[in-house]
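The structure appears right after this line, and notes come after that.
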Protein chains: 2
Amino acid sequence: MGRKVIRSESTTKAQILDAAIRLFGNRSFDAVSIRDITSEAKANLGAVNYHFSSKLNLIREVLRTLATPINEARLTSLNAYETLLNGGRPDLETLIRILVEPFVRLSKDRSGPGIYYPRLMMLARALPGDLIGSYLSEQHDAMARQFVKAIGRALPNLDEEEIFWRYDFTIGSTLNIVGDAYRSYRLKRLSAGQCDTDDADRIIDELVAFVSAGMRGAAPARRKKPKMARATAAKNGERRTATRVHAKQAAE
Amino acid sequence: MGRKVIRSESTTKAQILDAAIRLFGNRSFDAVSIRDITSEAKANLGAVNYHFSSKLNLIREVLRTLATPINEARLTSLNAYETLLNGGRPDLETLIRILVEPFVRLSKDRSGPGIYYPRLMMLARALPGDLIGSYLSEQHDAMARQFVKAIGRALPNLDEEEIFWRYDFTIGSTLNIVGDAYRSYRLKRLSAGQCDTDDADRIIDELVAFVSAGMRGAAPARRKKPKMARATAAKNGERRTATRVHAKQAAE
DNA sequence: GACAAATTGATACATACGTTTGACTGTATC
DNA sequence: GATACAGTCAAACGTATGTATCAATTTGTC
């Protein structure tokens, strides 16, 4: 390793990643073959395995490529806001906006690869096995916990568990609305065109209004838990040898 | 067709459907082969194509089998509540509970096939192409519109568009939390065990509190839409010949 | 019990897949 | 200009897939 190798970071690798994002985002992981990708990227069939070692690894790289900037944007904004506050109580609407805006905006920007992120995210969530990888989970969890803490400071009357529930609801709402447009237009159809699901600003405003109000709602009365006997758990003895995306749930 | 054929509705067909629900729910559509299904169902390989004509059709049948009772339960409850009201203004919390409860409860009932529904639903949403089929979309849309109408009666100050947005957020929150548990336990991990995502009653209570409060929130201020020029739309010339689940987006 | 239809069963087919291999090419380093 | 090596390329391997075929068997009807 005499000197740092430049060699333009092997443009083939970048082209493959680009093509993979585009194709995976338009179809799904299983529906896109390595041949599709290398053909779209004008690369050789072997290139994927050479640069990424396997398809599963390519998928992880794709997810990482898209998820990291969003989470970083969220954290950067949150940190900036908190230093600005200088210990004061944060404004809930502002927090929600910071949480929600990067995702929505990136996913509506047709000039970048962000449009593909919602579907990939939904796929990664829907498919079994640890597709995302622990690194991304930890990255997201750290970000999430910081937001939960901040929201807790904005709503001192809610205990932390409550906020965790509502954080999850927030992510669910966001993912659902953002994954809707650009192809399916479920909500637009349902509402007979009333809801313009392409308008990023509108989506953000609606999300902020709904989620903030939801967060401020009174916590539900807690019931006693009857805590019934645990049902016999696992009864799934399924194996998979194929090289499908899902095969690896090993120890779950 | 001289007389009605009984023949116990060909138990093989039912066994295949059962096995398919279980296997698809534990893995995903592409990761489960017809051979996996017929083997699990103790049926012959040809049986799937005989009874369901194709794998894609089997998938649609699976989704229909699980979705229909939930939507019907929702509508039955809603109708019962509305006749009970006899024209009076409905209670928002009650409406949300009616909307949310059947799904949550079914998906937590380990004795039935409902546990598999969330993942299948998420998969069907994440995958491209009209996987669900127009019949199911229409069934769901009719149900949704009736709820939107009812919620509009409970919140006369919100216009319908607003309610449509928030209905979508509600579904997103529900789907996200219900698809979480039974395997991944994302929220339980994130909250360090604070949130018990197996407790159906708790989930329902949290959802009702959050969503009701969100629904009651003030509508966001509407901005002027700059309405910029439409970006050149389609640039996707991708074909698929394989028999993967997704292949058919024909005219999009 | 005979007939026809419905269902099951074993096998074959064609193909698409992820990955591997090994030769080849360009380029940086000395 | 020789050496080393990162990258590219074409071809092949082994396997898993959905579906089709057609004979065997079961079932319902008369």
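Per chain, numbering begins at 1; letters A, B, ... match sequence-line order.
Between B:K13 atom NZ and C:dT8 atom P the separation is 11 Å, expressed in whole Å. The distance between atom CZ of B:F52 and atom P of C:dT7, rounded to the nearest whole Å, is 12 Å. Here the P atom of nucleotide C:dG18 and the CD1 atom of A:I16 are 13 Å apart, to the nearest Å. B:N49 has its CG atom 15 Å from the P atom of C:dG9, to the nearest Å. For A:L23 and C:dG18, the CG to P distance is 12 Å, given to the nearest whole Å. Nucleotide D:dA10 holds its P atom 17 Å from the CD1 atom of A:I34, rounded to whole Å. Taking atom CG of B:L45 as the reference point, atom C1' of C:dT7 lies 15 Å away to the nearest angstrom. To the nearest angstrom, P of D:dA16 lies 16 Å from CG of A:D30.
Phosphate proximity of C:dT7 to B:T12: absent, as no side-chain N or O sits under 4.0 Å from OP1 or OP2. When the side-chain nitrogen and oxygen atoms of B:N44 are compared with OP1 and OP2 of C:dT7, none of them lie within a distance under 4.0 Å. At the phosphate of C:dA6, neither OP1 nor OP2 sits under 4.0 Å from any side-chain N or O atom of B:H51.
Inter-residue side-chain proximity for A:R125 and A:M121 is flagged as met; some heavy-atom pair is nearer than 4.5 Å. Taking the side chain as every heavy atom from C-beta outward, B:I96 and B:L207 never approach each other to under 4.5 Å.
Residues meeting the ring-ring contact (aromatic ring centres under 6.0 Å, His included) test with A:F169, sequence neighbours left out: B:F210. Among residues two or more places apart in sequence or in another chain, the ring-ring contact (aromatic ring centres under 6.0 Å, His included) test is passed with A:F24 by A:F29.
Distance from the side chain of A:S33 is smallest for C:dG18 among the nucleotides C:dG9, D:dT8, C:dG18. Of the candidate nucleotides D:dG18, D:dT8, D:dA11, D:dT8 has the atom lying nearest to any side-chain atom of A:Y50.
Residue whose closest nucleotide on DNA chain D sits further toward the 5' end, between A:A47 and A:R35: A:A47.
Judged by distance alone, with hydrogens and angles left aside, the side-chain atoms of B:S53 form no donor-acceptor pair with the main-chain N or O of B:N49 at under 3.5 Å.
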